[in-house]
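FYI, side chains are in, hydrogens and waters are out, and symmetry mates aren't considered; it's all heavy atoms of this structure. Because the structure is a prediction, the values reported are computed rather than measured. Just follow the structure's listing: the first ligand is 1, and inside any ligand the first atom is 1. Residue indices begin at 1 and follow the sequence shown.
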Amino acid sequence: MSSAAHPDSAASAVHPPSAETIARAHVDAAKYEAMYKASITDSAGFWGEQGKRIDWIKPYTQVRDVDFTLGQVKINWYADGTLNVAANCIDRHLATRADQTAIIWEPDDPKDPAKHITYRELHAETCKMANVLKSLGVKKGDRVVIYLPMIPEAAYAMLACARIGAIHSVVFAGFSPDALGARVNGCDAKVVITSDGAPRGGRVTKLKDNVNQALLHDTTDVKCLIVRRTGQQIAFRQGLDYWYHEEAAKVPADCPAEEMNAEDPLFILYTSGSTGQPKGVVHTSGGYLVYAAMTHQITFDYHEGDIYWCTADVGWVTGHSYIVYGPLANGATTLMFEGVPTFPDASRFWQVCEKHKVTQFYTAPTAIRALMGQGTEWVTKCDLSSLRLLGTVGEPINPEAWNWYDSVVGKGKCPIVDTWWQTETGGHLITPLPGAHPTKPGAAQKPFFGVQPVVLEPTTGAEIEGNGVEGVLAIKDSWPGQMRTVWGDHDRFEKTYFSDYKGYYFSGDGCRRDKDGDYWITGRVDDVINVSGHRMGTAEVESALVAHAKVAEAAVVGYPHDIKGQGIYCYVTLMNGEEPSEDLRKELRNWVRTEIGPIASPDVIQWAPGLPKTRSGKIMRRILRKIAENDFGALGDTSTLADPSVVDDLIKNRSE
Ligand code: WTA
C-alpha cells in the first residue's frame with residue numbers, strides 16, 4: 001500500500017522494548033545477534049539443533065539439501081527423519097498437559113457459550129475424525145478438502161488428515177462454489193468436509209449448498225462429510241454424503257498416528273499469483289512444523305499459561321501456521337473465533353480479549369483501520385490489561401493505524417510485531433522480535449533466524465548492498481518452512497519464484513532497507529493485490545469478468561483504499577451493442593461475487609471503450625494503475641501505445 005511510511009519521515013519514531021519485555025523475552029538483542037549469525041554461518045548446525053523442538057519417530061541425520069538453481073530447484077529439510085505432525089501437536093502433550101485447554105472456541109454469537117477443548121479432548125476428537133475419514137476410504141497421500149466455518153471441527157479435520165497422512169487443502173468458506181470446485185478438482189480430492197451452514201456476523205452462508213453446486217458436474221463421486229453447525233435443511237446426495245455426528249458415533253476415539261517422512265506433504269493451500277488460476281502451494285511435514293513452532297514461540301514471545309489469539313481464518317496460511325500448527329506444537333492455548341470484528345458491535349474483538357484474558361493478539365491492518373474508524377470508546381470500555389503483545393500481518397501497516405494500535409489497544413506497553421511473510425514461506429520471515437528490537441511504525445524490520453533477505457535492482461537483478469536502499473525483495477538460501485513445490489506443477493514453481501532473479505527466491509514484494517538496516521515492505525510489484533489482507537490475482541478477477549456474456553475485455557488493478565489497503569478497480573470494455581448502465585454495473589459486481597466470492601467484489605467498475613495497449617497487444621497496466629490512483633501527472637511514456645487517445649478517454653471518464 002502506498003501509504004506505508006517512508007523510513008526517513010517523522011512517522012519512523014522508534015519504540016524501544018521496555019525492561020519488562022526484555023526481561024521476559026526468549027530472545028534479547030544480544031541473543032538475536034548471536035543466534036542470527038550462527039543461523040547464517042552454520043545453517044545445517046543451527047537447524048539441526050532447532051529440529052529437536054519437535055518429536056521424531058526416526059531422527060534425521062541429514063538437515064538440509066537445497067538448490068535454488070533454475071531447472072533443478074529442490075528444497076529438502078530433515079529428509080531422512082520421520083514423524084507425525086498430529087502426534088506432535090497433541091499426543092506428546094498428553095503426559096504433561098492433558099487437562100490444559102488447547103483450543104478456546106468463541107462462537108459468532110456472543111450469547112452462545114464458548115467452548116474450552118482440552119488436549120485430551122482434542123486427542124479424542126481428532127482420532128474420531130481420523131477414523132471417520134478412514135472409514136470413507138481416505139488413505140495416506142489422498143487429498144481432503146476442508147470447507148468449514150471457524151469451528152473446532154476445522155482444527156480436528158486438519159489434524160485428522162495429518163494423523164493418517166492424508167493431505168488437506170483448506171478452502172476459505174467465503175469462496176464461491178466455482179472457486180471451491182476448481183480447488184477440489186485441482187488436487188483431485190476424495191472427500192470434502194463441510195458443514196450445513198456457516199454463521200458469520202449474524203448471517204448464515206449455506207456451505208453445503210455451495211458444495212453441491214461445486215460438485216454438480218463432478219464425475220468422480222467426491223464424498224462429503226457434513227458437520228452439523230446450524231441445523232438448517234440441506235440437500236443430501238444419497239450414497240455420497242455423510243453426517244459427521246452419525247459416522248463419529250460408530251468409530252473409536254483412538255487412532256494410530258501414521259509414520260510420515262519429513263518431506264511428505266502436509267497440506268496444499270491455493271493462493272493467487274500474478275498469472276493464471278490460483279496455484280496449490282505445497283508444504284511438507286518436518287521443516288514446516290519446526291518453523292511454525294519456532295516462529296510462534298519467539299515472535300509472539302509465547303510462554304506457558306498464555307492465551308494466544310490469532311484472528312485469521314483457517315482458510316488462509318496464517319490460520320494454518322498460527323492458529324493450528326505452531327501454537328499446538330508448542331502446547332499452547334489457542335483461541336479460535338467464528339465471527340467478525342464488528343458483530344454484534346465494534347467492540348467484539350476487545351470483548352473477546354477481556355472475556356478470555358488474551359495475552360497475545362494477532363490481526364490484520366485492515367481490521368485495525370476499520371475499528372480505528374469507529375472511535376476509541378469501543379476499545380476503552382473493555383479491560384485489556386491481560387494483553388502483552390500485539391501482532392499484524394497481511395499487508396503493510398500505515399503508521400496512523402500502527403500508532404492507534406499501540407496507544408489505544410496496547411496502552412503503549414505492548415510491543416507490536418509487524419510480521420512479513422507469505423503463504424509460500426510457511427512462517428514469519430521478517431519481523432521485529434519483541435525483546436530484541438526497538439520497533440518502528442510500518443517496518444517489518446529484521447530477518448528471522450536463517451533468513452537472508454536481499455534487495456535487488458528490479459531490472460538487472462543485481463544485489464543492492466548497503467543501507468538506505470530500495471528495490472525488490474528476494475531471499476538467498478532456504479529456511480525449513482519454505483514451500484516445496486506447486487501441486488502437480490514443479491515447473492510452475494520454478495518459473496514463478498526462481499526464474500526472474502537467478503539463484504534467489506523472489507517474493508513478489510518491493511522493499512526498502514533504511515539507514516539502520518531495517519526492512520520496510522512497500523507492497524507487491526506484480527499483478528497480485530492485497531484486499532483487506534486477502535491476496536488476489538488481478539488475472540482471476542479479469543477472467544471472471546470476461547466470462548460474462550456482455551463483457552468483451554477487462555483489466556483489473558489495485559488502488560489505495562483507506563480501509564481495505566487496496567481496492568479492486570476494474571476497467572471493462574463491453575461487447576459491441578451493449579450499453580453501460582448502473583444495473584449492468586451491479587450485475588457485474590454480483591457476477592464476480594458468485595464466480596470467486598464476496599472478497600473479490602469490485603470496488604470500482606469503469607467503462608472503458610478501449611484499453612491502453614502496446615502495438616503487440618499487451619495491456620499497459622502501469623497506466624491503468626496511475627489512472628485508478630488519480631495520478632494523471634505520472635503516466636510516463638504513452639508513445640508506444642497502439643492508440644494513445646484511449647488514455648485521454650479513460651482519464652475523462654475517471655471522474656464520472
Ligand atoms: C503481504 C499472508 C507488508 C505481502 C501471511 C506478501 C505484508 C503477501 C505483510 C502475502 C507485512 C504480508 N507487511 N506486507 N507484515 N505480511 N504481506 O500469501 O505483499 O496471503 O507478499 O500471506 O501479503 O500474502 P499471503
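The nearest heavy-atom contact from the protein to atom 5 (C) of ligand 1 is Trp421 CE2, 3.5 Å. Scanning the protein for heavy atoms near atom 16 (N) of ligand 1, the closest one is Gly394 N, 3.1 Å. Nearest protein neighbour of atom 3 (C) of ligand 1, counting heavy atoms only, is Pro396 N, 3.1 Å. Nearest protein neighbour of atom 6 (C) of ligand 1, counting heavy atoms only, is Asp509 OD2, 3.2 Å. Scanning the protein for heavy atoms near atom 8 (C) of ligand 1, the closest one is Asn530 ND2, 3.9 Å.
For Thr419, a nitrogen or oxygen atom sits less than 3.5 Å from a nitrogen or oxygen atom of ligand 1, counting backbone and side chain alike. The shortest N or O to N or O distance between Gln422 and ligand 1 is under 3.5 Å. Polar contact check, Ile521 against ligand 1: no nitrogen or oxygen pair lies under 3.5 Å apart. At under 3.5 Å, a nitrogen or oxygen of Arg535, whether backbone or side chain, sits near a nitrogen or oxygen of ligand 1. Taking only nitrogen or oxygen atoms, main chain and side chain alike, Thr423 reaches within less than 3.5 Å of ligand 1. Any N or O atom pair closer than 3.5 Å counts here, and Thr392 shares no such pair with ligand 1.
Relative ring orientation between Phe349 and Phe361 is described as perpendicular, the plane-to-plane angle rising above 60° on a 0-90° scale split at 30° and 60°. The aromatic rings of Tyr559 and Tyr569 stand perpendicular to each other, their planes meeting at an angle above 60°, with 30° marking the opposite boundary.
We find the OH-NZ distance between Tyr497 and Lys279 to be 4.0 Å, quoted to the nearest 0.5 Å.
The only option from Leu390, Thr392, Thr419, Thr311 that meets the side chain to side chain contact (heavy atoms under 4.5 Å, CB included) definition with Tyr362 turns out to be Thr419. Checked options Ile298, Thr439, Thr431, Leu433; the residue passing with Val417 is Thr431 (criterion: side chain to side chain contact (heavy atoms under 4.5 Å, CB included)).
Residue Thr431 does not touch ligand 1, judged by heavy-atom distances below 4.0 Å. Neither the backbone nor the side chain of Ala444 has a heavy atom within less than 4.0 Å of ligand 1.
Taking the charged nitrogens against the carboxylate oxygens, Arg625 and Asp527 do have a contact shorter than 4.0 Å, which makes a salt bridge. No salt bridge links Lys564 with Glu395; every basic N to acidic carboxylate O contact stays at or beyond 4.0 Å.
The contact set between ligand 1 and Thr318, taken as ligand atoms under 4.0 Å from a residue heavy atom, comprises 5 (C). Near Asp418, the atoms of ligand 1 lying under 4.0 angstrom from a non-hydrogen atom of the residue are 11 (C), 13 (N), 15 (N).
A heavy-atom distance below 4.5 Å is found between the side chains of Glu629 and Pro560. Looking at Tyr270 and Phe175, their side chains never come closer than 4.5 Å, going by heavy atoms from C-beta outward.
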Report the C-alpha distance between Arg513 and Asp518 in whole Å, list the side-chain angles of each, state the deciding distance to 0.1 Å, and finish with yes or no for salt bridge (Lys or Arg N to Asp or Glu O under 4.0 Å).
CA-CA 5 Å; Arg513 190 165 51 218; Asp518 286 325; over 6 Å; no
